[in-house]
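Report on one structure; see the data block that follows.
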Amino acid sequence: MRELAGIAGRHRRQKKAWAPHLQHTKECISAHLHEADANEPVLVLGAGLCLDLPLDALNAHPAGALLVDAVLPRRSKRLLAGYANIETECADLTGFLETFTAAEDPFGLRPPKIAPMPLAGYGLAVSCNILSQLPLAFAASPPLNDAEQELTTRVQKAHVRALMAMGCPALLITDYQRVETHGDHKHVFTSVDRDLLPGDPLEEWQWHIAPTGEAERGRDITLNVGAWLLGR
């Protein structure tokens, strides 16, 4: 909930800077809804605050949609109350959080090889701006050491494997690179290893997530985002 509150606050402050990314994400999802079987609901992984979801289009899908995330804030529940064809569910999309939290030596454990997501019964799956966020419960971004890096890679790989194993097309939208500019210095960090992603993206765009001064005085942060369609 703390992370969602931070996202909501940053969105309020940077609504103009975020608008192109949020709109592009909505348009990308809407453009691929024709891939969905009309008799099966659309599965959306990473509902969050619903800022980047085309709710009208999802609600109009004949079989409706199911939005899934680890936490669904009250803001989202209030918003979704007006969409009779959209259902919600809370779930740990990594299948590893409880095990990790309870372990004395969590970095000695390995997450599932394939994330525990429903693989059948849906017309289209959408992983929406969540892949880079999944490891944050277990590791820093960027990872602080080899153990965190390995866990980050395993969690992300398990998610991609699940999407590729689904019995329907899967639209993956994720940032994969963070670019930080501070004065004349530019640092590029990998948020998702491109080797984990299936080839070249259908399209790419940028998310100006933290304009100068939002994260730190003089620092500007932009994410490089891509969209991939799996299982078509």
* Which residues share a side-chain hydrogen bond (donor to acceptor under 3.5 Å, both in side chains) with Asp193, sequence neighbours left out -> none
* Considering residues at least two apart in sequence or located in another chain, which fulfil the ring pair (Phe, Tyr, Trp, His ring centres under 6.0 Å) criterion with Trp207? -> Trp18, His21
* To do: For the residue pair His185 and Glu180, confirm or rule out a side-chain donor-acceptor distance under 3.5 Å.
  => no
* To do: Answer yes if the side chains of His208 and Asp220 hold a donor-acceptor pair under 3.5 Å, and no otherwise.
  => yes
* Does a side-chain heavy-atom distance below 4.5 Å link Cys28 with Gln23? -> no
* To do: Please examine the side chains of Ser141 and Leu136, heavy atoms only from C-beta on, and report whether any two atoms are closer than 4.5 Å.
  => yes
* List for me each residue that meets side chain to side chain contact (heavy atoms under 4.5 Å, CB included) alongside Pro198, sequence neighbours excluded, and say none if there are none. => Trp228, Leu230
* Do Asn85 and Asn59 meet the criterion of a side-chain donor-acceptor pair at a distance under 3.5 Å? -> no
* Listed by chain and number, what are the side-chain hydrogen bond (donor to acceptor under 3.5 Å, both in side chains) partners of Thr174, not counting sequence neighbours? -> none
* To do: Please name all residues satisfying side-chain hydrogen bond (donor to acceptor under 3.5 Å, both in side chains) with Ser191, sequence neighbours left out, ordered by chain then number.
  => Asp175
* **Close side-chain approach of Asp37 and Cys168, heavy atoms under 4.5 Å** => no
With a 3.5 Å cut-off and sequence neighbours excluded, list the donor-acceptor pairs that the side chains of residues 100-118 form with protein atoms.
from   : atom 1 : to    : atom 2 : distance (Å)
Thr101 : OG1    : Leu97 : O      : 2.8

* To do: Check side-chain hydrogen bond (donor to acceptor under 3.5 Å, both in side chains) between Glu89 and all other residues, then give those that pass, not counting sequence neighbours.
  => none
* To do: Count the heavy atoms of every other residue, nucleotide or ligand shown that sit under 6.0 Å from CD of Glu203, and state whether that count exceeds 12.
  => yes
* Just do the side-chain contact (heavy atoms from CB on, under 4.5 Å) check on Arg178 and Thr222 with the steps written out, would you? => CA-CA 6 Å; Arg178 183 169 78 244; Thr222 296; over 6 Å; no
* Asked: Are any non-hydrogen side-chain atoms of Thr88 and Leu80 less than 4.5 angstrom apart?
  -> yes
* Taking side chain as C-beta onward, heavy atoms only, is Ile130 less than 4.5 Å from Asp69? -> yes
* Asked: With a cutoff of under 4.5 Å between side-chain heavy atoms, which Ile, Leu, Val, Met, Phe, Trp and Tyr residues group with Val179?
  -> Val188
* Asked: Does Pro41 have any side chain to side chain contact (heavy atoms under 4.5 Å, CB included) partners at least two apart in sequence or in another chain, and if so, which?
  -> Ala63, Tyr122
* **Intermediate values then yes/no, side-chain contact (heavy atoms from CB on, under 4.5 Å), Tyr176 and Leu196** => CA-CA 10 Å; Tyr176 57 87; Leu196 301 181; over 6 Å; no
* Summary of side-chain hydrogen bond (donor to acceptor under 3.5 Å, both in side chains) pairs that have at least one residue in residues 142-155, sequence neighbours excluded -> Gln149-Thr153, Glu150-Arg154
* **Where at least one partner belongs to residues 47-81, residue pairs that pass ring-ring contact (aromatic ring centres under 6.0 Å, His included), sequence neighbours excluded** => none
* Polar side chain donor-acceptor pair, Asn224 to Gln206, under 3.5 angstrom -> yes
* Asked: How far does CG of Leu45 sit from CG of Leu134, to the nearest 0.5 angstrom?
  -> 9.0 Å
* Asked: Any side-chain heavy atom of Pro73 within less than 4.5 Å of one from Leu49?
  -> yes
* Structure fact -> For residues 67-93, the ring-ring contact (aromatic ring centres under 6.0 Å, His included) pairs (sequence neighbours left out) are none
